[in-house]
Protein chains: 2
Amino acid sequence: MADSARRIADELRARIGSGELSPGDRLPGEPALVGEYGVAKETARRALTLLVTEGLAVRKRGSGTYVRSFRPLRRVANKRLSQAGWGNGRSIWSADVDDRELRVADVEVAEVPAPERVSRALALSEGDPVVVRSRRYLVDGEAVQTATSWLPAELVRGTAITRPDTGSGGIYARLAELGLAPARFAEELRARMPSRAETELLALPEATPVVEIHRVAFTADDLAVELNEMLLDAGSYVLEYHLDSQSE
Amino acid sequence: MADSARRIADELRARIGSGELSPGDRLPGEPALVGEYGVAKETARRALTLLVTEGLAVRKRGSGTYVRSFRPLRRVANKRLSQAGWGNGRSIWSADVDDRELRVADVEVAEVPAPERVSRALALSEGDPVVVRSRRYLVDGEAVQTATSWLPAELVRGTAITRPDTGSGGIYARLAELGLAPARFAEELRARMPSRAETELLALPEATPVVEIHRVAFTADDLAVELNEMLLDAGSYVLEYHLDSQSE
DNA sequence: CAGTGGTCTAGACCACAGC
DNA sequence: CTGTGGTCTAGACCACTGG
């Protein structure tokens with residue numbers, strides 16, 4: 001009788017793995033498990049919680065618990081290289097490549113003193129003025145990513161970068177016009193569980209990690225011109241990188 | 001009285017955020033919370049569970065619940081570029097850069113028919129023979145990563161690649177000797193919650209995501225010579241990539 | 001409206017850590 | 001041994017979903 005919750009979860013997991021239960025299907029509910037296995041409601045609940053924390057199921061209040069589906073977007077960090085000779089035999093995760101479109105929402109712009117981590121990344125002094133641009137990206141009306149860009153205010157003041165609509169080509173086109181075209185990027189990634197606030201911001205299902213990406217853009221002269229802090233719903237993305245050799 | 005668990009978690013989270021409780025500190029236990037807040041033990045437990053699922057705390061059976069610490073390794077995907085002019089103002093997450101050493105353990109080698117996803121990635125036919133090399137990486141005796149490499153058996157049969165010890169320089173040096181030096185890599189990443197088996201394999205704390213990396217190595221002639229499937233403890237890593245321009 | 005998940009209580013017994 | 005977390009029960013009430 002020990003570990004009833006685990007045992008029930010194991011059986012349900014096996015039914016998911018075997019394909020008997022497909023993504024989107026409704027799992028047996030709490031009352032059903034109470035009946036089938038003769039356990040208390042809280043125990044049935046715990047069994048379902050195990051699946052939820054493994055990312056295998058999502059709960060829908062008032063409706064049921066469902067097998068989760070995974071339909072990621074593909075984020076290609078370096079688009080140029082990706083068009084070259086990589087067609088040999090790739091694509092491990094199939095992704096709805098480009099049917100769905102990223103839409104930008106909730107753009108906000110402000111000028112503030114640089115927080116410590118930002119001044120460090122941009123090689124400024126703490127408190128130096130920076131322009132902050134934050135926005136969210138939606139797919140099919142659902143938030144999948146937030147992004148906040150920080151740029152040295154001295155460099156971009158008076159340009160379209162300080163306005164919500166940066167015009168055709170976006171920030172990087174404007175930087176290029178200033179003679180500050182980004183030539184290199186450094187990305188740092190981390191995956192972790194979201195805070196409560198982040199869970200609400202991205203409307204994340206339970207047990208969904210986030211990927212935090214910090215990207216610094218450098219000009220050809222190695223001047224740091226932008227720090228972009230992104231937060232991605234890990235369940236919505238496959239990230240792709242293409243690297244030249246000597247890479248390990 | 002509504003949402004007691006959430007309220008208690010909020011207070012504890014604030015005490016962690018303010019620095020009153022530091023990484024490694026012991027949180028008030030379940031009995032303590034029962035006393036302080038006048039709730040049932042299960043409710044106190046739920047409060048702590050909230051922090052655990054946010055990755056802010058870890059439970060130690062028979063001992064207590066502790067504020068979690070985050071001391072990641074830095075995995076630099078392209079080492080060569082990283083030594084160049086990136087010193088301008090980097091390093092958003094401080095990481096114990098290179099004090100700690102990755103140690104390889106549990107190396108296993110076998111020759112098997114290629115599973116579907118492997119044959120696809122390597123542009124083989126399903127069932128074609130492949131050499132599989134799997135191993136785990138330990139830091140301070142703790143598993144932080146597993147890796148499984150798949151190589152076309154026709155290419156590498158009879159070489160050191162089919163032996164546990166591949167010799168100096170590893171797989172890539174041996175491939176180079178065969179005229180199959182990797183010139184490019186394609187990496188695909190995904191972050192997700194681990195299965196139970198993966199949790200045990202990597203001895204993961206609760207609420208720790210994993211990062212799954214699939215990397216295909218190509219020769220200069222665009223021949224796919226290796227698929228490496230890696231699984232990283234997300235709490236142990238910061239991933240770093242360096243990209244040239246046109247990268248978005 | 002009935003059925004679902006969401007939260008909570010008060011109690012029980014167990015397994016493990018550390019003194 | 002005592003205190004900690006780990007699991008479970010039996011019941012209660014609430015909030016939301018969908019027909």
Side-chain angles (χ1 to χ4, degrees), chain A residues 1-13 16 21 24-68 142 196 199-200 203-208, chain B residues 1-13 16 21 24-68 142 196 199-200 203-208:
Chain A
M1 166 81 79
D3 278 308
S4 315
R6 191 156 291 157
R7 215 189 71 244
I8 297 171
D10 287 344
E11 292 195 20
L12 293 174
R13 196 183 301 108
I16 294 171
L21 289 166
D25 283 0
R26 189 173 175 286
L27 290 164
E30 296 171 10
L33 295 176
V34 167
E36 282 176 43
Y37 293 91
V39 294
K41 188 199 171 194
E42 279 283 351
T43 305
R45 185 172 180 68
R46 267 187 275 253
L48 292 170
T49 298
L50 285 172
L51 300 180
V52 167
T53 57
E54 288 172 30
L56 286 177
V58 284
R59 283 197 237 254
K60 292 194 181 159
R61 189 197 201 114
S63 168
T65 301
Y66 297 83
V67 181
R68 187 167 184 176
E142 305 204 332
R196 288 205 60 76
T199 300
E200 283 159 25
L204 295 172
E206 300 160 280
T208 302
Chain B
M1 164 89 74
D3 277 309
S4 316
R6 190 156 292 156
R7 216 189 71 243
I8 296 172
D10 287 344
E11 293 194 19
L12 293 174
R13 196 183 299 107
I16 294 171
L21 290 167
D25 284 359
R26 189 173 176 286
L27 290 164
E30 296 169 9
L33 295 175
V34 167
E36 281 177 43
Y37 293 91
V39 294
K41 187 198 171 194
E42 278 284 349
T43 306
R45 184 170 181 69
R46 266 186 276 254
L48 292 171
T49 297
L50 285 170
L51 300 181
V52 167
T53 57
E54 287 173 29
L56 286 177
V58 283
R59 283 196 236 255
K60 293 192 180 159
R61 187 197 204 117
S63 167
T65 302
Y66 297 82
V67 181
R68 188 170 181 174
E142 306 204 331
R196 287 204 59 75
T199 299
E200 282 158 27
L204 296 170
E206 299 161 283
T208 301

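Computed from a prediction, not measured in an experiment: that's the story for all the values here.
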Worksheet item: Do any side-chain nitrogens or oxygens of S63(A) fall under 4.0 Å of OP1 or OP2 in dT4(C)?
Response: no
Worksheet item: Between atom CG of L12(B) and atom CG of L33(B), what is the distance when rounded to the nearest 0.5 Å?
Response: 6.0 Å
Discussion item. Does anything in residues 26-39 of chain B come within less than 4.0 Å of DNA chain C? Heavy atoms only, and list the residues if so.
Written reply: V39(B)
Response to the item:
Out of dG6(D), dA10(D), dG5(C), minimum distance to the side chain of A40(A) belongs to dA10(D)
Worksheet item: For the base of dG18(D), is there a side-chain donor-acceptor partner from K60(A) under 3.5 Å away?
Response: no
Worksheet item: Phosphate oxygens OP1/OP2 of dC8(C): is one of them under 4.0 Å from a side-chain N or O of T43(B)?
Response: no
Worksheet item: Side chain of R45(B): nearest nucleotide among dC8(C), dG6(D), dG5(C)?
Response: dG6(D)
Worksheet item: Between E42(A) and R46(B), is there a salt bridge with N-O shorter than 4.0 Å?
Response: yes
Discussion item. Rounded at 0.5 Å granularity, tell me how far CG in D10(A) sits from CG in D3(A).
Written reply: 9.0 Å
Practice prompt. Take atom CD of E142(A) as the centre, draw a 6.0 Å sphere, and report whether it contains more than 12 heavy atoms from other residues, nucleotides or ligands.
Written response: no
Worksheet item: With respect to the side chain of R61(A), which nucleotide from dG18(D), dC16(D), dC8(C) is positioned closest?
Response: dC16(D)
Worksheet item: According to a strict under-4.0 Å criterion, is T65(B) in side-chain N/O contact with OP1 or OP2 of dG5(D)?
Response: yes
Fill in: Whole-Å distance separating the CG atom of L48(B) from the C1' atom of dG5(D)
10 Å
Item to complete: Please state how far atom CG in D3(B) lies from atom C1' in dT7(C), giving the value in whole angstrom units.
Response: 7 Å
Worksheet item: To the nearest 0.5 Å, what is the distance between CZ (R13(B)) and CG (L50(B))?
Response: 7.0 Å
Worksheet item: To the nearest angstrom, how far is L50(A) atom CG from dT7(D) atom P?
Response: 8 Å
Worksheet entry | Per E42(B) side chain, nearest of listed nucleotides dA12(C), dC8(D), dC8(C) | dC8(D)
Item to complete: Compare side-chain N and O positions of R46(A) against OP1 and OP2 of dG6(D) and report whether any pair is under 4.0 Å apart.
Response: no
Worksheet entry | Salt bridge present between R7(A) and E36(A) (N-O < 4.0 angstrom) | no
Worksheet item: In whole angstroms, how far is the P atom of dG6(D) from the CZ atom of R59(B)?
Response: 5 Å
Worksheet item: Looking only at heavy atoms, which two atoms of A207(B) and G55(B) are closest? And how far apart?
Response: CB-N, 4.1 Å
